[in-house]
Every structure is written in C-alpha cells, then in structure tokens.
Visitor: 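Please find one structure pasted underneath; my questions will follow.
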Amino acid sequence: MASMTPKTFLVLGATGGTGKHFVSLALADGHRVRALARTPSKMPSHDNNKNLDVRQGSVTDPSLELDDLVAGVDYVIAMIGDKEAQRTAKINTAFVKRLVPAMRRQGVKRFLYQSGGLTRPYGGSLTPFTWIFRYTIARGFDGQHSDNEAVHGYLATEGMDLEWMIHRAGIIGDGPSKGTLVRSNSKISIGVFRDTAAYNYRTIVEDAAVHTCDMSYYASK
C-alpha cells in the first residue's frame, strides 16, 4: 500500500504479536498510526517516527474516551484478547459494543476485527476437524472463542452500516515469514504473527472483504 495516499490507522492491540508487525508495516509505507497501549513503554520507538501516536489505555477500561481515540482515523483494526480475562467475561464484545457507536459518531466506517480460526462465523459452523480440535486440544481457549462469536453476532446483526471484516486467523507464534496468506471461507493455515499482520494490512483496504468472516491460508508458491 506504499502508493496509497497516506491514511491513519487506529491499531488496538499494538503491542501484541500481530499488532507490532502491523504498526511497522503501516509506518514503513508512510501512513500514520494511532496505537492504543496499556503499557506504552512496550511499544518499539520506531526511531521516534513522527507518524506514530501512542495513546495509553486499555480496552477493558470503561472510562476510555473512544470518541477522542477514533476521531480523524480512516481505519480501525482490533487485534485484542486476554485468555484469562475471557474465561469469565466477554471483554472484547463489551469493548466493540462501545467502539461501534463511537465510530458512527466520528464518521469512521472501516473496521477489521481479528478473531480466531476455531471460532464459528455468525450463522455458520465449524468443519468437523476444527470442531474436534476446538473442543479437545484447544478447549482451554473456549472463553476467547465464545467472546469472538459474540462479536461476530453483534457486527452481523447490529453493525451492518459499518464496513467491517473479520479475520478468523490461525496463529502459532512469531518467526520468519512462511509466505503470503490469502483469504478463504474454507481453508486455513497456521500462520506466524508477521504474515498475519501483512494479511490484515492488505485486507483492511479490500472492498471485497467487507462483511466477510473468512479464514486465511498460505497460497501455493
């Protein structure tokens, strides 16, 4: 997106595994980034890039001024989650239900929400393999899956005026790039953080991805 007119991205989860790579990609292409960080000291300095605006705060803080956070941005991307907190509360859902009205008030339309590959799309189902994997090996993450599914449902039933898109990502951790992830409603690969960030960065400007809840997989070279 280097040739695109500079835009402003609001990055939620900017210090996370995927978020930090997303910030680097956007800044490298000359875009502006407003990053929400619970602990700003964890944000890389990016050589004090003037296009990086770090705001201290947490998505779990009900006093977070979302209108001020959203004002003037072109795109909002959420790569958030807390496995332990989501065991007992749908923290992402509560936040998104506050975020969407703020986006409406500020005239911001485009929103990418990073979900999980073992999370059902609204009104859909998991494949037999992913269902078995979710309820056996990955059963400890069920709170996150349930929270994500509640976000899916909210956007699909109450947020259709926004240009949202959901990435049901499969992520294993950090490491060298394994290739290019592409969008799919039936295939999934386990990606690394940097490839997932690159996918999100490309997809958030893709009009064809609006109102989709897709997975991603590594395309054949």
Visitor: For L64, does its backbone N or O pair with a side-chain atom of R98 as donor and acceptor, under 3.5 Å?
Guide: yes
Visitor: Between K83 and D147, does any NZ, NE, NH1 or NH2 come within less than 4.0 Å of an OD or OE carboxylate oxygen?
Guide: no
Visitor: Check whether any side-chain N or O of D174 sits under 3.5 Å from a backbone N or O of G17 as a donor-acceptor pair, and report yes or no.
Guide: no
Visitor: T196 and Q114: which non-hydrogen atoms are nearest, and at how many Å?
Guide: CG2-OE1, 3.5 Å
Visitor: Got D53 and R32 here, is their nearest side-chain heavy-atom distance under 4.5 Å?
Guide: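 No, their side chains stay 4.5 Å or more apart.
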Visitor: Considering only NZ, NE, NH1 and NH2 on the basic side and carboxylate oxygens on the acidic side, decide whether E163 and K109 come within less than 4.0 Å.
Guide: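 Looking at E163 and K109, the cut-off is not met.
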Visitor: Can you see which heavy atom on A35 is nearest to which on L52, and at what distance?
Guide: CB-CD1, 4.3 Å
Visitor: What's the separation between atom CZ in F95 and atom CG in L12, rounded to the nearest 0.5 Å?
Guide: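 Going from the CZ atom of F95 to the CG atom of L12 covers 4.5 Å.
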Visitor: Any idea which heavy atoms bring I80 and N92 closest together, and the distance?
Guide: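 Between these two residues, the closest heavy atoms are O-ND2, 3.3 Å.
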Visitor: Are Y113 and Y154 linked, directly or through other ILVMFWY residues, by side chains that come within less than 4.5 angstrom of each other?
Guide: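 Shared cluster, yes.
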Visitor: Could you go step by step and tell me if V33 and F22 meet the side-chain contact (heavy atoms from CB on, under 4.5 Å) rule?
Guide: CA-CA 10 Å; V33 173; F22 188 99; 5.9 Å; no
Visitor: Quick one: CE on M79 to OG on S115, what's the gap to the nearest 0.5 Å?
Guide: 13.5 Å
Visitor: A quick test of your reading: do over 12 heavy atoms of other residues, nucleotides or ligands sit less than 6.0 Å from NZ of K7?
Guide: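 Enclosed.
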Visitor: Are I77 and V205 joined in one hydrophobic group, where the rule is that I, L, V, M, F, W and Y side chains link up if heavy atoms are under 4.5 Å apart?
Guide: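 Yes.
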Visitor: For the residue pair K187 and Y217, would you count it as a cation-pi contact if the rule is NZ or CZ under 6.0 angstrom from the ring centre and within 45 degrees of the ring axis?
Guide: yes
Visitor: Would you give the length of the straight line joining atom CE of M215 to atom OG1 of T127, rounded to the nearest 0.5 angstrom?
Guide: 7.0 Å
Visitor: side-chain contact (heavy atoms from CB on, under 4.5 Å) between V70 and L99: does it pass, once the steps are laid out?
Guide: CA-CA 8 Å; V70 170; L99 174 68; 3.8 Å; yes
Visitor: When clusters are formed by joining ILVMFWY residues with side-chain heavy atoms under 4.5 Å apart, either directly or through shared neighbours, do F111 and M160 land in the same one?
Guide: yes
Visitor: May I ask you to test the L112-Y75 pair for a side-chain heavy-atom distance under 4.5 Å?
Guide: no
Visitor: Tell me whether R38 contacts the main-chain N or O of T60 through its side chain, where contact means a donor paired with an acceptor under 3.5 Å.
Guide: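 No; zero donor-acceptor contacts below 3.5 Å.
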Visitor: What distance do Y218 atom OH and S177 atom OG have between them, rounded to the nearest 0.5 Å?
Guide: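 Rounded to the nearest 0.5 Å, the OH-OG separation comes to 6.0 Å.
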Visitor: At their closest point, which heavy atom of A150 faces which heavy atom of K90, and how far apart are they?
Guide: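 For A150 versus K90, the nearest heavy atoms are CB-CD, 3.8 Å.
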Visitor: Return yes if some donor-acceptor pair links the side-chain N/O of Q56 with the main-chain N/O of P40 below 3.5 Å, else return no.
Guide: no
Visitor: Which heavy atom of A209 sits nearest a heavy atom of M165, and at what distance?
Guide: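 For A209 versus M165, the nearest heavy atoms are O-CB, 3.3 Å.
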Visitor: Any side-chain to backbone donor/acceptor pair from S184 onto S186? Under 3.5 Å, distance only.
Guide: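 The answer is yes, because a donor-acceptor pair under 3.5 Å joins these two groups.
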Visitor: Distance from H152 atom NE2 to T93 atom OG1, nearest 0.5 Å?
Guide: 9.0 Å
Visitor: Using 0.5 Å steps for rounding, measure from the CG atom of L69 to the CG atom of L36.
Guide: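 The CG atom of L36 is 5.5 Å from CG of L69, to the nearest 0.5 Å.
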Visitor: Please check if I91 and V151 belong to a single hydrophobic cluster, counting links between Ile, Leu, Val, Met, Phe, Trp and Tyr side chain heavy atoms closer than 4.5 Å.
Guide: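 As far as the 4.5 Å side-chain criterion goes, V151 and I91 are not connected within one cluster.
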Visitor: Counting only heavy atoms from other residues, nucleotides and ligands, does the tally under 6.0 Å from CD1 of I172 exceed 12?
Guide: no
Visitor: Please check this pair: side chain of R168 against backbone of I188, looking for a donor-acceptor N/O pair closer than 3.5 Å.
Guide: no
Visitor: Return yes if some donor-acceptor pair links the side-chain N/O of R110 with the main-chain N/O of I204 below 3.5 Å, else return no.
Guide: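 Indeed, once roles are kept as given, a pair shorter than 3.5 Å links the two residues.
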Visitor: Any sub-3.5 Å donor-acceptor pair from D195's side-chain atoms to K178's backbone N or O?
Guide: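 Yes, because the side chain of D195 sits within donor-acceptor range (under 3.5 Å) of the backbone of K178.
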Visitor: Can you check whether T8's main-chain N or O pairs, donor with acceptor, with D74's side chain at less than 3.5 Å?
Guide: yes
Visitor: Does any part of the side chain of H167, heavy atoms only, come nearer than 4.5 Å to the side chain of T203, both counted from C-beta?
Guide: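 Not touching, per the 4.5 Å side-chain cut-off.
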Visitor: Quick check: do Y199 and R183 have side-chain heavy atoms less than 4.5 Å from each other?
Guide: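 When only atoms from C-beta onward are counted, R183 and Y199 do touch, with a gap below 4.5 Å.
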Visitor: Same cluster or not: are V11 and L162 linked, directly or through other Ile, Leu, Val, Met, Phe, Trp or Tyr residues, by side-chain heavy atoms under 4.5 angstrom apart?
Guide: no
Visitor: Quick check: do V100 and L155 have side-chain heavy atoms less than 4.5 Å from each other?
Guide: yes
Visitor: With a cut-off of 6.0 Å (strictly less than), are more than 12 heavy atoms of other residues, nucleotides or ligands near CD of E206?
Guide: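 Yes - once you tally the heavy atoms of other residues, nucleotides and ligands closer than 6.0 Å, there are more than 12.
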Visitor: I'd like to know if the side chain of D29 and the backbone of H31 have a donor-acceptor N/O pair within less than 3.5 Å.
Guide: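 No, D29 side chain to H31 backbone: no donor-acceptor pair under 3.5 Å.
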Visitor: So Y201 and F9, would you call those rings parallel, tilted or perpendicular, with 30° and 60° as cut-offs?
Guide: tilted
Visitor: Assign the ring pair W164 / H211 to parallel, tilted or perpendicular, where the plane angle (0 to 90°) is split at 30° and 60°.
Guide: tilted
Visitor: Return the minimal non-hydrogen interatomic distance between S63 and D61, and the atom names on each side.
Guide: OG-OD1, 2.7 Å
